**Student:** 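Sharing a structure below in structure tokens format, with a few things to ask.
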Number of protein chains: 2
Amino acid sequence: MLDTKSAVTVLTALAQGHRLEVFRRLVAAEPEGMAAGELARQLDVAPAALSFHLTHLGHAGLVTSSRQGRSIIYRADFSTMRTLLGYLTQDCCGGRPEICGDLSVWNAAEGCAPTRRTSKDVK
Amino acid sequence: MLDTKSAVTVLTALAQGHRLEVFRRLVAAEPEGMAAGELARQLDVAPAALSFHLTHLGHAGLVTSSRQGRSIIYRADFSTMRTLLGYLTQDCCGGRPEICGDLSVWNAAEGCAPTRRTSKDVK
DNA sequence: CTTTTAATTCAATTATTATTGAATTATTGA
DNA sequence: TCAATAATTCAATAATAATTGAATTAAAAG
């Protein structure tokens, strides 16, 4: 389970228009992922600015990256999002699973957002 | 369903230590809620600062308030959190419900986070 | 080896958020 | 009415976060 500090880190990463949009598009782009430059073009954000946001998302554990030729490919990491959803559900429903339903089923489910860290993250 | 801009508003509201903690305690304090002053004491935050955060949470639709004597009682509003969870789930799993499971069941569920706006919000 | 392309890092700037202390509003009780 | 309590609003400051343009690193192609 996530501690409050980590939860704030992940929430902060998602609480920004460009970053939330990046994450959305990376989810849609699974499992191929997308190059940093392509994301910058699609969102019409300066490469340096996007790099900042991607680093931010990476720190929060929401994306992974790997070099492919001269491009760096980013991919959404579902597991962190799942952890966040679990945390918020606990927060939201505390000792009252009857209010929001029991999410533990899909938190425990097999095949649910497997960690896809098949390649080392780019440094 | 939440649009991206509103999602950012709600995420921003939660992406701050004091506010996340306030929300957590208000969830735990349901259904009585808690006075602003009591929250300020418990979190050891200056009243003016807490007021700022409570306004922030109120704007995002995460808390409601009502005056009771000289105190102002705040309560967690589950419905916004539920909406956020639904949005993030869509985001996270896109057209792939098999990845995170189908949350639509508890989004549609009866008795799930009824809107408890029994009193007018304090202006 | 030089040039081009892709991306990042860095330092500076700009913009946004959070905190503080003083002043203000609302309510209660002496 | 007056003093005390609870909370908010306001203006100023402090702290963080985001953007920019220039410089740098890495890989591919001529």
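Lettering follows sequence order; numbering is per chain, from 1. A quick note: this is a predicted structure, and the numbers were derived from the prediction, not measured.
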**Student:** I'd like to check the side chain to side chain contact (heavy atoms under 4.5 Å, CB included) partners of A:D44; sequence neighbours left out, ordered by chain and number.
**Tutor:**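 Residues passing side chain to side chain contact (heavy atoms under 4.5 Å, CB included) with A:D44: none at all.
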
**Student:** Can you list everything that forms a side chain to side chain donor-acceptor pair (under 3.5 Å) with B:Q42? Sequence neighbours excluded, please.
**Tutor:**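 By the side chain to side chain donor-acceptor pair (under 3.5 Å) rule, B:Q42 matches B:R25, B:E38.
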
**Student:** Taking side chain to side chain contact (heavy atoms under 4.5 Å, CB included) as the definition, give me every residue that meets it alongside A:S71, ordered by chain and number, with sequence neighbours left out.
**Tutor:**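 Scan of A:S71 (side chain to side chain contact (heavy atoms under 4.5 Å, CB included), adjacent residues dropped) gives A:A35, A:I73.
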
**Student:** Return the value, rounded to whole Å, for the distance between atom CG of B:L50 and atom P of C:dA18.
**Tutor:**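 The answer, rounded to whole Å, is 13 Å.
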
**Student:** I need a per-nucleotide contact map over nucleotides 22-29 of chain D, read 5' to 3'. Cutoff is protein heavy atoms under 4.0 Å; write B for the base, S for backbone only, - otherwise.
**Tutor:** ----SBSS

**Student:** What string of B, S and - do you get for nucleotides 13-18 of chain D 5' to 3' if you count protein non-hydrogen atoms under 4.0 Å?
**Tutor:** -----B

**Student:** Show every salt bridge (charged side-chain N to carboxylate O under 4.0 Å, His left out) that has at least one partner inside residues 9-18 of chain B, sequence neighbours left out.
**Tutor:**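 Found none.
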
**Student:** To the nearest Å, give me how far apart CD1 (A:I72) and P (C:dT5) are.
**Tutor:**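 Between P of C:dT5 and CD1 of A:I72: 18 Å.
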
**Student:** What residues form a side chain to side chain contact (heavy atoms under 4.5 Å, CB included) with B:T55, not counting sequence neighbours?
**Tutor:**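 Checked B:T55 against side chain to side chain contact (heavy atoms under 4.5 Å, CB included); matches are B:H59.
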
**Student:** Nearest 0.5 Å please: distance from the CG atom of B:L43 over to the CZ atom of B:R24.
**Tutor:**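 Taking CG in B:L43 and CZ in B:R24, the distance rounds to 11.0 Å.
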
**Student:** In Å and rounded to the nearest 0.5 Å, what is the CG to CD1 distance from A:L54 to A:I72?
**Tutor:**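 Here the rounded value is 9.5 Å.
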
**Student:** Once Watson-Crick and G-U wobble pairs under 3.5 Å are found, how is DNA chain C written in dot-bracket notation, 5' to 3', with | for any base paired to another strand?
**Tutor:** ||||||||||||||||||||||||||||||

**Student:** Which residue pairs satisfy the ring pair (Phe, Tyr, Trp, His ring centres under 6.0 Å) criterion with at least one member in residues 11-30 of chain A, sequence neighbours excluded?
**Tutor:**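 Non-adjacent pairs meeting ring pair (Phe, Tyr, Trp, His ring centres under 6.0 Å): A:H18-A:H53.
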
**Student:** Within the 4.5 Å heavy-atom criterion, are B:L11 and A:Q16 side-chain neighbours or not?
**Tutor:**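 No, every pair of side-chain atoms sits at 4.5 Å or beyond.
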
**Student:** Taking only N and O in the side chain of A:Y74, is any of them less than 4.0 Å away from OP1 or OP2 of C:dA6?
**Tutor:**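 Indeed not, no polar side-chain atom of A:Y74 lies that close.
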
**Student:** Check whether any side-chain heavy atom of A:T4 lies under 4.5 Å from a side-chain heavy atom of A:Y87, and answer yes or no.
**Tutor:**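 Contact flag for A:T4/A:Y87 side chains = yes.
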
**Student:** Mind calculating the distance between CG (B:L20) and P (C:dA18) to the nearest angstrom?
**Tutor:**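 About 13 Å, once rounded to whole Å.
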
**Student:** C:dT8, D:dT8, C:dT9: which one has an atom nearest the side-chain heavy atoms of A:P47?
**Tutor:**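 The listed nucleotide nearest to A:P47's side chain is C:dT8.
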
**Student:** When the nearest nucleotide of DNA chain C is assigned to A:T55 and to A:S71 on a heavy-atom basis, which residue is associated with the more 5' position?
**Tutor:**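 This one resolves to A:S71.
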
**Student:** Considering residues at least two apart in sequence or located in another chain, which fulfil the side chain to side chain contact (heavy atoms under 4.5 Å, CB included) criterion with A:A46?
**Tutor:**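 Partners of A:A46 by the side chain to side chain contact (heavy atoms under 4.5 Å, CB included) criterion, ordered by chain and then number, come out as A:A49.
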
**Student:** When you measure from the side chain of A:A49, which nucleotide among D:dT19, C:dT19, C:dT9 comes out closest?
**Tutor:**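 Between D:dT19, C:dT19, C:dT9, the one nearest the side chain of A:A49 would be D:dT19.
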
**Student:** Determine whether B:L84 and B:M81 make a side-chain contact, defined as any pair of heavy atoms from C-beta on separated by less than 4.5 Å.
**Tutor:**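 In contact.
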
**Student:** Let's see if you get this right: which residues in residues 32-46 of chain B place a heavy atom under 4.0 Å from DNA chain D?
**Tutor:**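 When residues 32-46 of chain B is checked for heavy atoms under 4.0 Å from DNA chain D, the hits, listed by number, are B:A35, B:A36, B:G37.
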
**Student:** Can you tell me how far C1' of C:dT17 sits from CG of B:L14, to the nearest Å?
**Tutor:**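 Spelled out: CG on B:L14 to C1' on C:dT17 is 16 Å.
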
**Student:** Tell me the interatomic distance from B:H59, atom NE2, to C:dA18, atom P, rounded to whole angstroms.
**Tutor:**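 In whole Å, C:dA18 P and B:H59 NE2 are 14 Å from each other.
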
**Student:** With side chains defined as the heavy atoms from C-beta onward, is the minimum distance between B:T83 and B:L2 less than 4.5 Å?
**Tutor:**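 Contact flag for B:T83/B:L2 side chains = yes.
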
**Student:** Going by the side chain to side chain contact (heavy atoms under 4.5 Å, CB included) test, name the single residue among A:V22, A:T9, A:V10 that passes it with A:L62.
**Tutor:**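 Among A:V22, A:T9, A:V10, the one meeting side chain to side chain contact (heavy atoms under 4.5 Å, CB included) with A:L62 is A:V10.
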
